[in-house]
Amino acid sequence: MRTYDDHIRKLAPLRKFDAAAFQPDSQYSKDVCEFVLSLALALNDFHDLLVTHDLLNVVWPEDESQPTPELGEFNGLTQHLFRLHLATLHELLNFVAENKTVLKDQAFIAVVKRLDPKTQQAWSSVVAAATGSSPQGSAFTKFLLFARNKVAFHYDR
């Protein structure tokens, strides 16, 4: 398990890039640029939750056999973080579903085609779960649908 300082030491150095990369031009529309930037925000949000979960695990209570305030608090925080992970997925799927025109944009399709095959497959699962285009899809698609429909933002048995 890592500490916050361990996490910071393992971060890559900052890199600069031209902010104009997210400005529309003759190839990429405003909608495509904003869509990609929003996907980056979703990735950062999910990353932050994963780091927070890792950091919380550093203080895992030693005795899990007896109910204590510490164990109750730890379990409550852990479950809340898990639900926030799924809520982030829920919002991502809603966002993708609301942007079907961007998904069909030829410039965006060209970007997706430049991704490595594993990433393309993962993206296809996200799109399938978001748009309902493949209800029988991959195990990952099924997980995303379950997370969105049964866990995230839902109080369901």
Side-chain angles (χ1 to χ4, degrees), residues 1-58 76-157:
M1 291 185 224
R2 61 184 170 173
T3 67
Y4 182 75
D5 290 337
D6 293 336
H7 171 71
I8 296 301
R9 278 191 293 277
K10 292 179 182 177
L11 292 175
L14 293 178
R15 295 186 323 189
K16 293 183 180 182
F17 69 93
D18 185 358
F22 291 104
Q23 296 295 319
D25 59 19
S26 61
Q27 186 176 7
Y28 299 103
S29 70
K30 181 176 185 271
D31 289 343
V32 169
C33 291
E34 290 175 353
F35 184 74
V36 170
L37 197 54
S38 295
L39 290 176
L41 177 61
L43 175 66
N44 283 341
D45 288 349
F46 202 77
H47 168 266
D48 292 348
L49 290 167
L50 289 172
V51 170
T52 303
H53 194 91
D54 281 353
L55 296 177
L56 180 62
N57 281 337
V58 171
L77 289 170
T78 301
Q79 291 303 311
H80 188 210
L81 279 173
F82 177 71
R83 291 178 56 76
L84 287 173
H85 282 110
L86 297 179
T88 302
L89 285 175
H90 180 274
E91 289 300 304
L92 172 65
L93 295 175
N94 285 347
F95 173 72
V96 171
E98 293 166 1
N99 285 277
K100 290 179 184 172
T101 57
V102 173
L103 299 176
K104 296 176 184 174
D105 185 288
Q106 291 306 308
F108 183 73
I109 291 169
V111 169
V112 171
K113 285 182 180 178
R114 292 196 334 233
L115 300 172
D116 67 84
K118 187 175 180 180
T119 304
Q120 282 184 33
Q121 184 178 7
W123 176 247
S124 293
S125 292
V126 169
V127 171
T131 63
S133 60
S134 178
Q136 301 300 322
S138 69
F140 184 52
T141 303
K142 290 175 184 175
F143 165 77
L144 292 171
L145 288 168
F146 176 77
R148 180 186 66 190
N149 297 335
K150 288 292 186 181
V151 183
F153 288 140
H154 297 285
Y155 295 101
D156 190 332
R157 294 181 298 172

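We number each residue from 1, following the sequence as shown.
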Rounded distance (nearest 0.5 Å) linking atom CZ of Phe17 with atom CZ of Phe22: 5.0 Å

Residue pair Ile109, Val112: steps toward the side-chain contact (heavy atoms from CB on, under 4.5 Å) verdict: CA-CA 5 Å; Ile109 291 169; Val112 171; 5.7 Å; no

Partner residues of Tyr4 under the ring pair (Phe, Tyr, Trp, His ring centres under 6.0 Å) criterion, sequence neighbours left out: none

Heavy-atom neighbours of His80 NE2 exceed 12 at 6.0 Å: no

Flag side-chain contact, heavy atom, 4.5 Å: Leu39 against Trp123: yes

Atom pair NZ/CG of Lys16 and Leu14 - distance to nearest 0.5 Å: 9.0 Å

Pairs satisfying side-chain hydrogen bond (donor to acceptor under 3.5 Å, both in side chains), at least one member in residues 24-44, at least two apart: Lys30-Glu34

Crowding at CD, Gln121 (>12 non-hydrogen neighbours, <6.0 Å): no

For His53, side-chain contact (heavy atoms from CB on, under 4.5 Å) partners two or more places apart: Asn57, Thr78, Leu81, His85

Phe95 side, atom CZ; Thr88 side, atom OG1 - distance, nearest 0.5 Å: 14.0 Å

Listed partners of Asp5 passing side-chain contact (heavy atoms from CB on, under 4.5 Å), at least two apart: Thr3, Arg9

Of all pairs that satisfy side-chain hydrogen bond (donor to acceptor under 3.5 Å, both in side chains), the ones with a partner from residues 98-115, not counting sequence neighbours: none

Any residue meeting side-chain hydrogen bond (donor to acceptor under 3.5 Å, both in side chains) with Ser125, in chain and number order, not counting sequence neighbours: Ser138, Thr141

Under 3.5 Å: donor-acceptor pair, side chain of Thr131, backbone of Val127: yes

CG-CG distance between Asp54 and Leu49, expressed to the nearest 0.5 angstrom: 11.0 Å

Min side-chain heavy-atom separation Leu86-Leu89 under 4.5 Å: yes

Nearest non-hydrogen partners of Ala130 and Ala97, listed with the distance: O-CB, 3.3 Å

Pairwise side-chain contact, Thr52 with Leu84, heavy-atom cut-off 4.5 Å (strictly under): no

